[in-house]
Amino acid sequence: MHESYDPAAVERAAQQYWDERRAFEVREDPARTKFYCLSMLPYPSGKLHMGHVRNYTIGDVLARFLRMQGHNVLQPMGWDAFGLPAENAATANGVAPAKWTRENIAHMRAQLKSLGFAIDWSREIASCDPAYYRWNQWLFLRMLEKGLAYRKTGVVNWDPADQTVLANEQVIEGRGWRTGALVEKREIPMYYLNITRYADELLEGLDALSGWPERVRVMQVNWIGRSEGCEIAFPYAADTAAVAGSAGVVKVFTTRADTLFGATFLAVAAEHPLALAAARSDARLAAFIEECRRGSIIEAEVATQAKKGMPAGLHVLHPFTGKPLPIWVANYVLMAYGEGAVMGVPAHDERDFEFALGHGLPVATVVRSPDGSYEQVQSPWIAAYGEYGVTVNSGEFSGLASKAAMETIATALELKGLGRKRVQYRLRDWGISRQRYWGCPIPVVHCAACGVVPVPDDQLPVLLPEDLVPDGSGNPLAKSPAFYECECPRCAGPARRETDTMDTFVDSSWYFLRYACPDAASMVDGRVEYWLPVDQYIGGIEHAILHLLYARFWIKVMRDLSLVSFGEPFSNLLTQGMVLNHVYSYQSDTGRKRYFNPAEVDTRRVADGREINEVVTQDLGTIQVTHEGLGKMSKMSNNGVDPEGLVARFGADTARLFIMFASPPEQTLEWSDEGVQGAWRFIRRLWTAVYEHVAAGTPPPLEPHSLTPSQRELRRLAHQTLAKATDDIGRRRNFNTAIAAVMELLNAVQRFPAATPQGCAVRQEALALAVLMLSPITPHVCHVLWLALGHTQPLIDERWPVPESEALVQETHAIVVQVNGKLRAHISVPASADEAAVRAAALAHDNVRKFVADRPVRRVVVVPGKLVNVVI
RNA sequence: GCCGACGUGGUGGAAUUGGUAGACACACUAGCUUGAGGGGCUAGCGCCGCAAGGCGUGUCGGUUCGAAUCCGACCGUCGGCACCA
């Protein structure tokens with residue numbers, strides 16, 4: 001053993017040992033308990049950032065910990081290799097996405113290996129490999145057969161300058177990010193997966209997922225958004241029937257059928273057929289609809305925009321009173337939710353209220369609060385009353401409690417054929433078509449004679465050509481006859497291959513099954529039944545809804561196709577908090593934004609206290625950039641911190657220890673490398689402690705019964721630390737406090753005078769326990785220190801130790817004494833002392849007597865082993 | 001706007017079940033060691049105060065013998081909002 005710690009040499013030795021032994025390659029073994037530890041697969045953006053390091057270190061700590069507890073642990077890794085950034089890079093640099101992606105994978109794989117993760121690399125997969133994505137296509141075809149995949153039109157962002165579809169991310173303040181052109185909406189045919197068919201099961205399944213964080217389950221519940229309510233049909237008035245060409249109804253969905261008599265208008269989406277019909281003879285309305293059409297398709301923007309509307313000049317009839325209600329076209333009504341129309345009840349709905357006030361529409365009260373505090377018309381109107389109560393002014397339905405009114409009105413509507421009770425979901429079907437090149441081709445062919453024809457299974461995979469370079473305008477596949485010209489599988493006539501590719505969420509919806517059987521000749525095989533479901537899934541909280549919901553849906557579909565036996569993919573979920581860093585941007589004249597890495601930004605304060613942020617660029621010289629605040633580390637905002645520098649300077653163990661010590665895993669972490677010194681210093685102190693201990697000679701066997709009090713005390717601390725670390729890692733997943741406890745143990749070891757042979761034996765045990773406890777977190781240095789402590793079996797094959805109950809016995813308890821809740825004294829009592837003795841000892845303390853003085857003691861609260869509170 | 005979370009010293013954080021607020025670290029200050037390097041060791045370090053003591057966990061209010069923790073309102077930050085992944 002060297003006197004000084006050399007991380008590079010230590011890490012080389014440990015990694016070489018693991019590699020030679022193929023220590024992390026695992027096989028199915030029915031005799032052993034399996035543990036599938038999975039981290040979300042990375043997008044190969046080019047370099048790792050600290051968010052990745054955090055994610056994979058958490059996974060690695062758990063994988064190594066459970067391995068030490070005797071489990072057969074699978075920890076795989078792969079690449080979410082399709083997606084937009086590769087196309088952007090291609091457009092910018094003229095490199096084909098395939099080459100760019102594969103080079104990034106090679107670099108990032110090397111970075112992951114340098115961090116020493118216990119990954120079974122023999123199972124590595126990349127979603128851009130045909131051997132993987134052919135099964136996306138295969139399952140899509142099965143879904144098509146079952147009617148679970150279907151075709152309908154959908155709305156996309158259209159950049160008229162580049163003649164291309166934009167991702168939401170590429171729309172900045174309503175303009176295309178490259179062209180600055182005003183983005184339009186465009187309706188195109190797309191494929192949808194029928195996730196809403198599984199809405200109820202996805203919702204109910206959440207109750208059983210006790211290993212998931214509550215916050216994620218709540219978010220999914222709200223996303224699915226099941227609401228029980230009523231569909232109500234408003235018959236056309238004569239003017240509407242004339243425009244529509246026949247009699248008919250406008251359907252709305254409401255959860256508040258009890259407020260039906262308070263409806264004073266009907267609002268429809270700009271895309272609603274009646275709005276379009278009315279616009280044919282109303283130029284102003286047509287202009288308004290055109291304005292809405294230019295609006296955003298992004299929900300966050302739709303929800304925050306000013307509520308605008310215009311009367312359609314048409315009417316519907318109230319289903320009970322027959323009174324005509326005006327139809328308004330409103331930008332806050334979404335065509336995608338419900339029926340694309342809502343009844344406007346200003347008195348009892350906040351949004352309707354705001355709209356009515358803005359457009360001078362009448363407000364009619366039809367609910368009063370049970371205690372009468374809200375009654376009749378307010379003057380002037382200040383707010384809607386959205387609570388339940390008792391119906392008023394509702395004809396024959398007046399005087400009913402809200403719930404009863406909903407039932408009664410629904411029944412009456414059903415009798416009239418103008419409504420029925422119905423369940424509505426907020427969840428929409430999953431649109432998977434992307435007008436992009438770098439993705440999995442959708443396996444269908446369009447034939448003039450046969451229509452849409454699925455590609456037969458024996459012609460899979462539909463291979464994605466890898467040599468195309470997108471130029472930012474349109475999909476290169478659609479400009480590549482070699483790809484799209486084909487023969488119809490049905491009639492053998494000339495046909496055109498579908499050029500849309502799949503959403504990359506498809507790739508990440510089942511990759512964890514393929515790790516179990518990466519070489520299977522079918523989509524999955526029996527090995528999946530051994531390894532799945534995933535015992536511990538770890539990934540960013542930003543995936544709480546979309547990815548996790550899509551994966552749950554996909555697995556349920558596979559179960560219903562009898563491909564797997566289970567219906568939930570992830571038994572336990574740890575949602576890692578994001579690693580944030582500052583975001584700096586520069587907006588050029590064309591409106592295009594450029595992001596600068598915080599490492600390049602020079603910040604200084606000017607006289608008036610403002611901060612000036614400057615970047616020296618090659619093309620623009622020195623420019624001032626805008627500090628946009630904090631954001632998650634991402635390629636998009638160019639604020640990632642590459643761990644490479646850290647690893648080169650301090651080694652992988654320091655990087656791992658630092659990120660795990662910085663905060664508990666679920667918490668958002670604002671990036672700063674202050675503190676990395678502490679992790680580095682700690683590992684070196686541990687190294688030195690072991691070195692000096694070993695240099696003092698081999699200690700005799702430990703004799704627990706012949707120890708001095710101070711030796712017993714250190715031994716107790718060592719075992720207490722072990723109990724805490726076991727609980728912190730195994731149950732609480734609070735790695736930072738486990739590390740802090742081991743730091744305290746090391747501090748105690750260093751203060752401990754090990755002058756005698758038994759003193760050395762106690763120290764030997766404490767150091768060995770410290771090395772074992774740290775080994776999941778800093779595996780390289782622990783590998784070397786373990787051997788240095790005289791062990792012949794390598795650490796990787798060691799078991800996680802169990803604290804000895806005898807060593808944990810405590811003879812006295814430290815009790816705090818409060819007077820009126822304020823700390824006044826510390827006392828020490830024998831562990832055997834009863835409540836009366838503790839109380840007496842507390843009251844006898846000088847300082848307690850001083851504060852009590854001659855005031856009467858009203859009450860004494862005794863918390864055994866902890867605290868006494870004297871109330872005066 | 002809606003849904004979810006978070007807010008504690010100069011900084012990261014600890015306080016696990018309502019029971020000592022600030023563990024463990026970083027930074028900083030002073031001293032020692034000098035091998036003069038991003039080395040090691042010792043001590044100090046929430047705020048006010050000479051002290052006794054008082055105040056203190058985003059803000060305001062409540063429950064309790066006792067609140068960082070529970071409840072209500074508000075403010076701020078972060079994530080998601082269906083084509084970033």
Side-chain angles (χ1 to χ4, degrees), chain A residues 40-43 45 80 83-85 88 154 156-157 165-171 213-216 218-219 221-223 225 297-305 332 336 351 426-436 503-505 508 540-547 549-550 575 577-578 580 629-632 634-637 649 658 661-664 666-670 672 674-682 684-685 688 724 727-728 731-732 734 736-737 739-744 747 814-818 820-823 826 858-861 863 866-872:
Chain A
M40 290 182 185
L41 83 177
Y43 177 80
S45 56
D80 188 15
L84 197 53
N88 294 337
V156 294
N157 303 302
V165 175
L166 298 178
N168 284 345
E169 185 188 70
Q170 297 172 314
V171 181
E214 186 61 22
R215 57 171 166 167
V216 176
V218 170
M219 279 191 262
V221 167
N222 293 335
W223 184 261
I297 63 170
I298 300 166
E299 196 198 308
E301 289 177 13
V302 174
T304 47
Q305 72 196 354
Y332 72 91
R351 253 182 353 177
R426 207 187 75 94
L427 181 68
R428 307 198 294 259
D429 275 343
W430 175 13
I432 58 156
S433 295
R434 299 290 180 270
Q435 298 67 46
R436 301 257 164 67
D503 181 3
T504 55
F505 275 125
S508 54
I541 182 66
E542 69 270 30
H543 297 292
I545 296 173
L546 292 180
H547 161 59
L549 197 63
Y550 290 146
T575 44
M578 252 148 314
L580 307 182
L630 292 164
K632 68 172 174 177
S634 72
K635 179 102 186 159
M636 170 72 186
S637 36
R649 251 164 74 184
F658 167 60
F661 184 57
S663 82
E666 306 216 278
Q667 198 163 305
T668 300
L669 179 64
E670 192 179 321
S672 158
E674 273 184 34
V676 71
Q677 278 299 330
W680 166 244
R681 206 172 285 158
F682 172 66
R684 290 205 315 181
R685 283 205 300 129
T688 305
K724 179 166 173 58
D727 187 50
D728 281 353
R731 180 183 63 89
R732 298 176 67 210
N734 272 12
N736 57 329
T737 51
I739 294 165
V742 180
M743 285 176 169
E744 286 185 73
N747 289 343
I815 306 277
V816 295
V817 186
Q818 299 177 330
N820 277 357
K822 288 195 191 301
L823 178 66
H826 294 268
R858 297 228 310 254
R859 189 174 160 190
V860 180
V861 180
V863 182
K866 262 197 170 154
L867 169 142
V868 177
N869 189 13
V870 182
V871 187
I872 54 173

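To find a chain, count down the sequence lines: A is the first, B the second, and so on, and within it residues start at 1.
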For nucleotides [N] and [M], find the distance between their [atom1] atoms and express it as a whole number of Å.
N      : M      : atom1 : answer
A25(B) : A14(B) : P     : 15 Å
C71(B) : A23(B) : C1'   : 29 Å
A68(B) : C83(B) : C1'   : 42 Å
C26(B) : G13(B) : P     : 16 Å
U57(B) : C70(B) : C1'   : 15 Å
C48(B) : G56(B) : P     : 15 Å
C55(B) : A67(B) : P     : 12 Å
G10(B) : G18(B) : C1'   : 31 Å

Just by modelled atom types, is the [Y] backbone N or O under 3.5 Å from a matching donor or acceptor in the [X] side chain?
X         : Y         : answer
Asn157(A) : Leu166(A) : yes
Gln667(A) : Pro664(A) : no
Lys632(A) : Met578(A) : no
Glu666(A) : Thr575(A) : yes

To the nearest 0.5 Å, atom CZ of Arg732(A) lies from atom NZ of Lys724(A) at 5.0 Å
Could you give the distance from CD1 (Ile298(A)) to CD (Gln305(A)), rounded to the nearest 0.5 Å?
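If we round to the nearest 0.5 Å, Ile298(A):CD1 and Gln305(A):CD are 11.0 Å apart.
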Mind listing the N/O atom pairs, protein and nucleotides 55-65 of chain B, below 3.5 Å?
residue : atom : partner   : partner atom : Å
C55(B)  : OP2  : Lys822(A) : NZ           : 3.4
C65(B)  : O2   : Asn869(A) : ND2          : 2.6

Find which nucleotide of RNA chain B each of Ala662(A) and Asp727(A) is nearest to by heavy atoms, and output the residue with the more 5' nucleotide.
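Closer to the 5' end of RNA chain B: Ala662(A).
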Between Arg684(A) and Pro664(A), the residue closer to the 5' end of RNA chain B by nearest nucleotide is Pro664(A)
What's the [atom1]-[atom2] distance between [X] and [N], to the nearest Å?
X         : N      : atom1 : atom2 : value
Arg351(A) : G1(B)  : CZ    : P     : 14 Å
Glu666(A) : A5(B)  : CD    : C1'   : 11 Å
Asn222(A) : C2(B)  : CG    : P     : 13 Å
Asp728(A) : A15(B) : CG    : C1'   : 12 Å
Glu670(A) : G10(B) : CD    : P     : 16 Å
Lys866(A) : G18(B) : NZ    : P     : 11 Å
His826(A) : U20(B) : NE2   : P     : 11 Å

With syn defined as a glycosidic angle within 90° of 0 and anti as everything else, classify G12(B).
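That one's anti.
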Touch class at under 4.0 angstrom, heavy-atom based, for Arg215(A) against every strand present:
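Answer is sugar-phosphate: Arg215(A) comes under 4.0 Å of backbone atoms only.
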Base-contact (B) and sugar-phosphate-only (S) positions in nucleotides 68-85 of chain B, heavy-atom cut-off under 4.0 Å, - elsewhere
----------SBSBBBBB
Ser508(A) and Asp80(A): side-chain donor and acceptor closer than 3.5 Å?
no
Can a side-chain donor-acceptor contact be found between Arg685(A) and Asn747(A) if the only test is distance below 3.5 angstrom?
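Short answer, yes.
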Polar-atom pairs under 3.5 Å, protein N or O versus N or O of nucleotides 22-29 of chain B: list them with distances, or write none.
residue : atom : partner   : partner atom : Å
A23(B)  : O2'  : Glu744(A) : OE2          : 3.3
A25(B)  : OP1  : Asn747(A) : OD1          : 3.4
A25(B)  : OP1  : Asn747(A) : ND2          : 2.8
C26(B)  : OP1  : Arg681(A) : NH1          : 2.4
C26(B)  : O2'  : Gly675(A) : N            : 3.2

Atom pairs, N/O to N/O, protein against nucleotides 42-49 of chain B, distance under 3.5 Å?
none

Mind listing the side-chain donor-acceptor pairs of residues 675-682 of chain A below 3.5 Å, one per line with the distance, residues two or more places apart or on another chain?
none

Just to be sure I follow the notation: if a pair is Watson-Crick (purine N1 to pyrimidine N3 plus N6-O4 or O6-N4) or a G-U wobble (N1-O2 and O6-N3), each under 3.5 Å, what dot-bracket string does RNA chain B give, with | for pairs to another strand?
(((((((..(((......[....))).((((((.....)))))).(((....)))..(((((..]....))))))))))))....
